[in-house]
Amino acid sequence: MLRLTALASGRGSNVAAIADAVARGDLDATLGLVVSNNSSAGVLSYAQTHGIPCAHISGKTHADEGAALLEALSAANTDVLVLAGYMKKLDPRVVSAYEGRAVNIHPGPLPDFGGRGMFGEHVHAAVLEAGRTQSGPTVHRVTAEYDEGATLGFRPVPVLPGDTPRSLGERVLAAEHDLYWRVLDEVFVRPSRSS
Ligand code: GAR
């Protein structure tokens with residue numbers, strides 16, 4: 001069975017949505033490890049209370065953070081690396097070891113609203129500022145550059161009159177939760193069944 005490792009820096013609602021899809025039987029995979037670079041991240045508490053193995057790996061815990069991450073990923077027999085609000089550039093050794101097997105979710109359309117500094121509410125504020133009538137999360141492959149890998153899935157979300165970055169962000173987040181596990185299923189689980 002496909003073994004997923006999630007990397008997250010914050011509250012972990014996307015990790016929870018993926019774990020829920022696994023628990024419901026909608027995603028035929030195992031969430032074998034959650035790694036955070038932030039010791040106080042909600043995602044670590046979530047993993048602990050749900051019995052998912054987890055680790056805090058950062059420059060504070062390990063002199064060579066990239067090597068420690070690689071070791072943990074390999075020890076967990078990671079097939080697919082799932083970035084979910086991981087607010088840190090991935091070490092190039094990790095990018096190359098998981099080339100074609102690492103994905104990220106971004107809370108806006110790419111490439112227009114991606115790149116350095118484009119995360120969380122900054123993305124929603126930029127979409128509103130640009131006067132767009134549609135936003136929506138994008139799931140894409142991870143490459144060495146921020147938000148540049150091929151798009152694997154996008155879910156349109158309307159921008160409504162009177163939206164604030166927060167209200168738009170809430171609507172986009174709900175779409176993220178329904179999109180991410182479906183893309184993992186389509187891209188990694190189904191093809192491995194038919195081969
Ligand atoms: C999500 O909205 C995700 O798209 C975004 O961080 C949030 C994490 O929320 N990621 C980025 O902005 C990456 N550029 P979560 O911790 O509740 O899953």
Under the 3.5 angstrom rule, does the side chain of [X] hit a backbone N or O of [Y] as a donor-acceptor pair?
{"X": "Ser36", "Y": "Ala41", "result": "no"}
{"X": "Asp147", "Y": "Gly115", "result": "yes"}
{"X": "Asn37", "Y": "Ile57", "result": "no"}
{"X": "Arg141", "Y": "Gly100", "result": "yes"}
{"X": "Ser9", "Y": "Met87", "result": "yes"}
{"X": "Arg171", "Y": "Val157", "result": "no"}
{"X": "Asp163", "Y": "Leu160", "result": "yes"}

(request) Report the C-alpha separation of Asp28 and Arg190 in whole Å, then their side-chain angles, then the decisive distance to 0.1 Å, and conclude whether the salt bridge (charged side-chain N to carboxylate O under 4.0 Å, His left out) test is met. (result) CA-CA 9 Å; Asp28 193 13; Arg190 285 172 196 272; over 6 Å; no

Flag the pair [X] / [Y] as yes when at least one side-chain heavy-atom distance between them is below 4.5 Å, and no otherwise.
{"X": "His56", "Y": "Leu44", "answer": "yes"}
{"X": "His124", "Y": "Arg166", "answer": "no"}
{"X": "Arg155", "Y": "Pro137", "answer": "yes"}
{"X": "Leu152", "Y": "His140", "answer": "no"}
{"X": "Val34", "Y": "Thr5", "answer": "no"}
{"X": "Val22", "Y": "Trp181", "answer": "no"}
{"X": "Val82", "Y": "Tyr180", "answer": "yes"}
{"X": "Ser13", "Y": "His177", "answer": "yes"}

(message) Test of understanding: with salt bridge (Lys or Arg N to Asp or Glu O under 4.0 Å), list the residues that count as partners of Asp79, not counting sequence neighbours.
(response)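 Here no residue qualifies.
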
(request) Name all residues meeting the salt bridge (Lys or Arg N to Asp or Glu O under 4.0 Å) criterion together with Arg24; count only those two or more places apart in sequence or in a different chain, and write none if there are none. (result)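 Expected list: Asp26.
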
(message) Using the rule side chain to side chain contact (heavy atoms under 4.5 Å, CB included), only one of Leu33, Leu27, Thr78, Val103 pairs with Leu4; which is it?
(response)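 That would be Leu27.
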
(message) Checking Glu71 now: which residues fulfil side chain to side chain contact (heavy atoms under 4.5 Å, CB included) with it, not counting sequence neighbours?
(response)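 Listed in chain order: nothing, the list is empty.
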
(request) Using a strict 4.0 Å threshold on nitrogen-to-oxygen distance, state whether Arg132 and Asp112 make a salt bridge. (result)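 Counted as a salt bridge, because a side-chain N and a carboxylate O are separated by less than 4.0 Å.
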
(request) Run the salt-bridge test on Glu65 and Lys60 with the 4.0 Å N-O cut-off and return the result as yes or no. (result)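 Salt bridge absent between Glu65 and Lys60.
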
(request) Report the relative orientation of the aromatic rings in His122 and Phe119; use parallel for angles under 30°, tilted for 30 to 60°, perpendicular for over 60°. (result)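 Answer is perpendicular, since the angle exceeds 60°.
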
(request) Could you please spell out the steps behind the side chain to side chain contact (heavy atoms under 4.5 Å, CB included) verdict for Tyr98 and Leu90? (result) CA-CA 11 Å; Tyr98 288 88; Leu90 262 191; over 6 Å; no

(request) Just do the side chain to side chain contact (heavy atoms under 4.5 Å, CB included) check on Phe154 and Val139 with the steps written out, would you? (result) CA-CA 6 Å; Phe154 173 74; Val139 176; over 6 Å; no

Taking [Y] as the starting point, is it possible to reach [X] by hopping between hydrophobic residues whose side chains are less than 4.5 Å apart?
{"X": "Ile105", "Y": "Tyr46", "answer": "yes"}
{"X": "Leu184", "Y": "Val142", "answer": "no"}
{"X": "Val15", "Y": "Val189", "answer": "yes"}

(message) Please determine whether side chain to side chain contact (heavy atoms under 4.5 Å, CB included) holds for the pair Asn14 and Leu173, giving the CA-CA distance in whole Å, both sets of side-chain angles, and the decisive distance to 0.1 Å.
(response) CA-CA 8 Å; Asn14 274 290; Leu173 188 65; 3.9 Å; yes

(request) Inspect the surroundings of CD in Glu148 and state if more than 12 heavy atoms from other residues, nucleotides or ligands are less than 6.0 Å away. (result)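 Enclosed.
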
(request) Take Leu81 and Arg101 through the test side chain to side chain contact (heavy atoms under 4.5 Å, CB included) and record every step on the way to the result. (result) CA-CA 6 Å; Leu81 198 51; Arg101 300 189 291 141; over 6 Å; no

(request) Determine the minimum heavy-atom distance between Thr30 and Met1, stating which atoms define it. (result)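 Taking Thr30 first and Met1 second, the nearest heavy atoms are OG1-SD, 3.4 Å.
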
